[in-house]
Amino acid sequence: MNATPQTRTLRSGTNTLEVSAVCFGIMNLGVQLGKNESYALLDRYFEAGGRFFDTANNYGSWTEDTLGTQAGDSERMLGSWLADRGVADEVVVATKSGAGKLEQDRPLRGDGPTNFEGLSEKTVRTELAGSLERLGLSKVGVYYGHVDDRRLPVTEIADTFSALVEEGLVTIPGLSNTATWRLAVAREHSRRAGRPEFGVWQQEHSIYWPRPGLSTMTVVDTEGIDYAAQEPDLTIATYSPNQRGQLVRPWLATLPPYDHPGSVERLRLVHRIAHELGVTANQVALAWHIAGPVSQMDRPAGSDRASLEELPPRRAAMLPVIGASSVEQLEESLGALAVTLSDEHRAALDAA
């Protein structure tokens with residue numbers, strides 16, 4: 001089946017997987033949301049045609065002390081829903097390992113010391129087995145290395161994930177929170193070996209660009225867009241596409257990496273386009289994500305659109321991962337699938 005505006009085709013080697021153009025990230029389901037609330041969200045996404053869910057082995061770790069949750073609770077909730085609804089064969093599940101606790105008596109945190117379990121072959125295999133049990137599945141559609149493990153050569157990590165595909169446990173391998181150069185090295189290594197390469201790269205990305213000169217392995221930068229735009233078999237799955245809620249809750253402060261004059265101008269542009277189309281700013285931003293940002297090498301300078309007129313710009317294949325804590329929030333985000341950005345709107349957003 002060919003991909004449509006409502007779907008995307010993920011690729012790795014000879015494997016292909018058709019998924020929804022908007023993925024539902026369920027980090028809070030089973031963690032901050034109970035069964036009834038979680039089922040209502042899962043049901044509504046499914047009823048709307050959504051078939052692609054994103055979770056991880058460590059979701060629940062951050063709220064062990066405050067909410068009494070535990071790692072894997074998000075997977076358990078999804079597994080329960082899949083079994084109760086009998087739709088496991090109709091959906092694609094993505095999950096992750098690598099960012100769970102290494103030492104159980106120490107906290108899990110995103111900055112040093114992180115206490116991440118890492119991506120050794122033993123850890124990845126052990127955690128995948130646990131995820132499959134919690135989800136009630138025999139294989140997953142997408143399996144990510146959640147956070148790059150700089151203690152290991154990235155080629156070793158690539159070999160581990162290629163083996164999981166070859167053994168039929170995973171369809172498409174992916175990396176998350178990884179620098180562009182590490183991803184490129186891993187993919188080239190797998191290609192030369194004739195093995196399945198990482199086909200999905202999950203990074204933080206929104207309508208804002210990070211502060212110039214910012215160095216981080218978690219955010220899609222201009223180099224990452226340029227690389228992905230030249231790799232037609234690579235899809236970027238973006239988390240926090242609404243800038244961690246700011247596009248739907250404008251009173252929130254802009255995060256430091258994005259707090260610069262360029263973000264102010266881009267936000268004004270998003271709101272202007274939203275007003276012209278009669279939709280929300282979040283829906284405009286998501287529609288831009290779904291269209292895929294243009295390679296920075298193809299962006300017009302200032303008001304010069306000649307390059308867009310002479311040759312269609314190369315766009316990175318992009319797929320937003322949305323979150324929601326209510327059905328109303330979910331429906332607002334899914335409304336982006338009905339938003340059509342004109343060539344002029346897309347060019348303005350690309351050039352901003």
Side-chain angles (χ1 to χ4, degrees), residues 23-32 53-67 69-79 93-135 140-154 156-158 160-161 164 169-170 172-180 182-183 186 198-205 215-220 224 236-241 244 255 257 321 323:
C23 177
F24 187 19
I26 63 166
M27 180 172 70
N28 292 326
L29 276 62
V31 180
Q32 294 180 329
F53 300 92
D54 181 272
T55 183
N57 70 328
N58 69 336
Y59 291 164
S61 299
W62 296 284
T63 50
E64 289 177 341
D65 295 334
T66 56
L67 298 179
T69 60
Q70 57 183 316
D73 277 354
S74 172
E75 290 179 325
R76 292 184 184 92
M77 183 62 71
L78 179 58
V93 174
T95 192
K96 317 174 191 76
S97 66
K101 284 186 175 182
L102 176 63
E103 299 178 23
Q104 296 303 310
D105 59 344
R106 289 176 52 209
L108 186 67
R109 47 188 294 164
D111 53 2
T114 61
N115 194 30
F116 289 150
E117 65 197 356
L119 294 172
S120 70
E121 180 178 8
K122 179 180 179 181
T123 295
V124 170
R125 287 184 175 277
T126 299
E127 293 305 315
L128 176 58
S131 291
L132 292 174
E133 181 178 359
R134 288 187 289 272
L135 291 163
V140 289
V142 178
Y143 194 52
Y144 293 101
H146 201 163
V147 176
D148 191 12
D149 187 348
R150 291 296 188 96
R151 298 168 298 183
L152 301 174
V154 74
E156 181 179 324
I157 298 171
T160 295
F161 281 79
L164 298 177
L169 296 172
V170 174
I172 306 291
L175 273 182
S176 180
N177 300 306
T178 302
T180 305
R182 292 267 289 181
L183 173 70
F198 290 115
V200 193
W201 184 32
Q202 186 171 140
Q203 300 283 102
E204 182 175 356
H205 189 54
S215 178
T216 176
M217 69 178 190
T218 64
V219 176
V220 179
I236 304 177
T238 62
Y239 66 88
S240 296
R244 304 198 184 190
L255 295 173
V321 181

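In this text the structure is predicted, and so the values were computed from the model without any measurement.
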A.B. asks: Quick check for you: to the nearest 0.5 Å, what is the distance between Met27 atom CE and Asp73 atom CG?
C.D. replies: 13.5 Å

A.B. asks: Mind listing the closest non-hydrogen atom pair of Ser61 and Ala71 along with its distance?
C.D. replies: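 Looking at all heavy atoms of both residues, the closest pair is OG-CB, 3.3 Å.
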
A.B. asks: Taking all atoms of both residues into account, what is the closest heavy-atom pair of Val31 and Thr69, and its distance?
C.D. replies: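 Heavy atoms of Val31 and Thr69 come nearest at O-CG2, 3.6 Å.
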
A.B. asks: Can you tell me how far apart OG (Ser97) and CZ (Arg125) are? Round to the nearest 0.5 Å.
C.D. replies: 11.5 Å

A.B. asks: Among all residues two or more places apart in sequence or in another chain, which pass the side chain to side chain donor-acceptor pair (under 3.5 Å) test with Glu156?
C.D. replies: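 Residues passing side chain to side chain donor-acceptor pair (under 3.5 Å) with Glu156: none at all.
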
A.B. asks: For Phe161, what residues pass the ring pair (Phe, Tyr, Trp, His ring centres under 6.0 Å) criterion, not counting sequence neighbours?
C.D. replies: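 Listed in chain order: Tyr143, Phe198.
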
A.B. asks: Test Leu128 against Val140 for side chain to side chain contact (heavy atoms under 4.5 Å, CB included), laying out the working first.
C.D. replies: CA-CA 9 Å; Leu128 176 58; Val140 289; 4.2 Å; yes

A.B. asks: Enter the distance from Leu67:CG to Gln70:CD here, rounded to the nearest 0.5 Å.
C.D. replies: 12.5 Å

A.B. asks: Can you tell me which residue among Tyr144, Trp201, Tyr239 is in a side chain to side chain donor-acceptor pair (under 3.5 Å) with Asn177?
C.D. replies: Tyr239

A.B. asks: What pair of heavy atoms forms the shortest contact from Ser74 to Thr55, and how long is it?
C.D. replies: OG-OG1, 2.8 Å

A.B. asks: For Gln104, does the CD atom sit with more than 12 other heavy atoms under 6.0 Å from it, leaving out its own atoms?
C.D. replies: yes

A.B. asks: Please determine whether side chain to side chain contact (heavy atoms under 4.5 Å, CB included) holds for the pair Ile157 and Arg182, giving the CA-CA distance in whole Å, both sets of side-chain angles, and the decisive distance to 0.1 Å.
C.D. replies: CA-CA 10 Å; Ile157 298 171; Arg182 292 267 289 181; 4.1 Å; yes

A.B. asks: Are the side chain of Asp149 and the backbone of Leu119 linked by a donor-acceptor contact shorter than 3.5 Å?
C.D. replies: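 Yes; judged by distance alone, with no hydrogens or angles, the pair exists.
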
A.B. asks: With heavy-atom distances below 4.5 Å as the criterion, would you say the side chains of Ile26 and Met77 are in contact?
C.D. replies: no

A.B. asks: Applying the side chain to side chain donor-acceptor pair (under 3.5 Å) criterion to Asn57, which one of Arg134, Lys96, Glu117 satisfies it?
C.D. replies: Glu117

A.B. asks: CD/Glu75 to CG/Leu135 distance, rounded to the nearest 0.5 angstrom?
C.D. replies: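 Rounded to the nearest 0.5 Å, the CD-CG separation comes to 4.5 Å.
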
A.B. asks: Side chains of Leu102 and Thr123: does their closest heavy-atom pair fall under 4.5 Å?
C.D. replies: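 Not touching, per the 4.5 Å side-chain cut-off.
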
A.B. asks: If I compare all heavy atoms of Ala186 with all of Val154, which pair ends up nearest, and what's the gap?
C.D. replies: CB-CG2, 3.8 Å

A.B. asks: Going by side chain to side chain donor-acceptor pair (under 3.5 Å), name the residues that satisfy it together with Thr238, two or more places apart in sequence or in a different chain.
C.D. replies: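 Scan of Thr238 (side chain to side chain donor-acceptor pair (under 3.5 Å), adjacent residues dropped) gives His289.
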
A.B. asks: Quick check: does any side chain N or O of Gln203 sit under 3.5 Å from a backbone N or O of Ala179, one acting as donor and the other as acceptor?
C.D. replies: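 The answer is no, because no donor-acceptor pair under 3.5 Å joins these two groups.
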
A.B. asks: Main chain of Ser176, side chain of Thr178: is a donor-acceptor contact present, judged purely on distance under 3.5 Å?
C.D. replies: yes

A.B. asks: In the structure I gave you, are the side-chain heavy atoms of His146 and Asn58 within less than 4.5 Å of one another anywhere?
C.D. replies: yes

A.B. asks: Taking Arg106 for its side chain and Thr114 for its backbone only, find out whether a donor-acceptor pair lies under 3.5 Å.
C.D. replies: no

A.B. asks: Are Tyr59 and Asp54 side-chain neighbours, meaning at least one heavy-atom pair lies under 4.5 Å?
C.D. replies: yes

